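What follows is a set of notes on a single structure, which appears directly below.
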Amino acid sequence: MKYWLIKSEPDVFGIDDLKKAKREPWNGIRNYQARNFMRDEMEIGDLALFYHSNAKPPGVVGIAEVASEPYADNLQFDENSNYHDPKSNPDDPRWMMVDFNFVEKFPEMVSLDQLKGEKALEGMLVTQRGTRLSITPVSKKHFDKVCRMAR
DNA sequence: GCCAACGTTGGC
DNA sequence: GCCAACGTTGGC
């Protein structure tokens, strides 16, 4: 079982939206590294820290769970979508995604500042400057620590 | 296959 | 809204 951190902008799709939806296809990822994590490494039952980016303040607000095998993100074939990719071949889709289930919303967010200030989280990718990846792997140690900080 | 130009992310 | 840090694109 692996652990992850997934970013989302609360204005677009935040933890409350996931709570309401219960389950959501993680579509719109158009970065190869992030895609590879979903396609090649995620397994049903993996847990992910749900992170609000472009928020004030940014930080981890809850937990989601991988709920499906990887499958093609249909928006890549939708000409009216921002995520349309004309170069993707329907017989060999370029962009894959998984579904996430809502697991938990933390009573209080663990802000990026808190993450950065916590010695035990040293090396966590999201705290590092220039990490723009919307999906990053997280060690179990770091995952557990963030959960403890939230409670 | 190099690399300049361009686009995007996301903290601040 | 600025801009640093990346990723991608495309000409050569």
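Because the structure is predicted, anything quoted here is derived from the model rather than measured. Within every chain, numbering begins at 1; the chains are lettered A, B, ... in the order of the sequence lines, protein sequences first and strands thereafter.
- Between A/Ala34 and A/Ile29, the shortest heavy-atom contact is CB-CG2, 3.5 Å.
- The closest side-chain donor-acceptor pair between A/Tyr71 and A/Asp99 falls under 3.5 angstrom.
- Residue A/Lys56 places no side-chain N or O under 4.0 Å from the OP1 or OP2 atom of B/dG10.
- Between A/Gly130 and A/Arg94, the residue anchored nearer the 5' end of DNA chain C, judged by the nucleotide with its closest heavy atom, is A/Gly130.
- The CG-P distance, from A/Leu115 to B/dG10, rounds to 15 Å in whole Å.
- Whole-Å rounding puts the A/Arg129 CZ to C/dA4 P distance at 9 Å.
- Distance, A/Asp85 CG to C/dT9 C1': 13 Å, rounded to whole Å.
- Side-chain N/O atoms of A/Lys7 include none lying less than 4.0 angstrom from OP1 or OP2 on B/dT9.
- A/Ser88 and A/Gln76 form a side-chain donor-acceptor contact under 3.5 Å, judged by distance and modelled atom types alone.
- Checked for salt-bridge contact, A/Arg30 and A/Asp73 meet the test: a charged N lies under 4.0 Å from a carboxylate O.
- Nucleotides of DNA chain C nearest to A/Lys87 and A/Gln33 differ in position, and the one nearer the 5' end is that of A/Gln33.
- With respect to the salt-bridge test (charged N to carboxylate O, under 4.0 angstrom), the residues A/Lys140 and A/Asp144 qualify.
- Following rounding to the nearest Å, A/Asp11 (CG) and B/dG10 (C1') show an atom-to-atom distance of 13 Å.
- Comparing B/dG10, B/dC12, C/dG10 by their closest approach to the side chain of A/Asn54 singles out B/dG10.
- Look at CG on A/Leu133: it is 9 Å from P on B/dG10, rounded to the nearest Å.
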Considering only nitrogen or oxygen atoms on both sides, find all protein atoms under 3.5 Å from nucleotides 5-8 of chain B and state each distance.
{"unit_1": "B/dT8", "atom_1": "O2", "unit_2": "A/Arg132", "atom_2": "NH1", "d": "2.4"}

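- Put simply, CD1 on A/Ile6 is 17 Å from C1' on B/dT9, counting in whole angstrom units.
- Here A/Tyr51 and A/Trp4 keep their ring centres 6.0 angstrom or further from each other.
- Residues passing the ring pair (Phe, Tyr, Trp, His ring centres under 6.0 Å) test with A/Trp26, sequence neighbours excluded: A/Phe50, A/Phe100.
- Atoms OH (A/Tyr32) and P (B/dT9) sit 15 Å apart, rounded to a whole Å.
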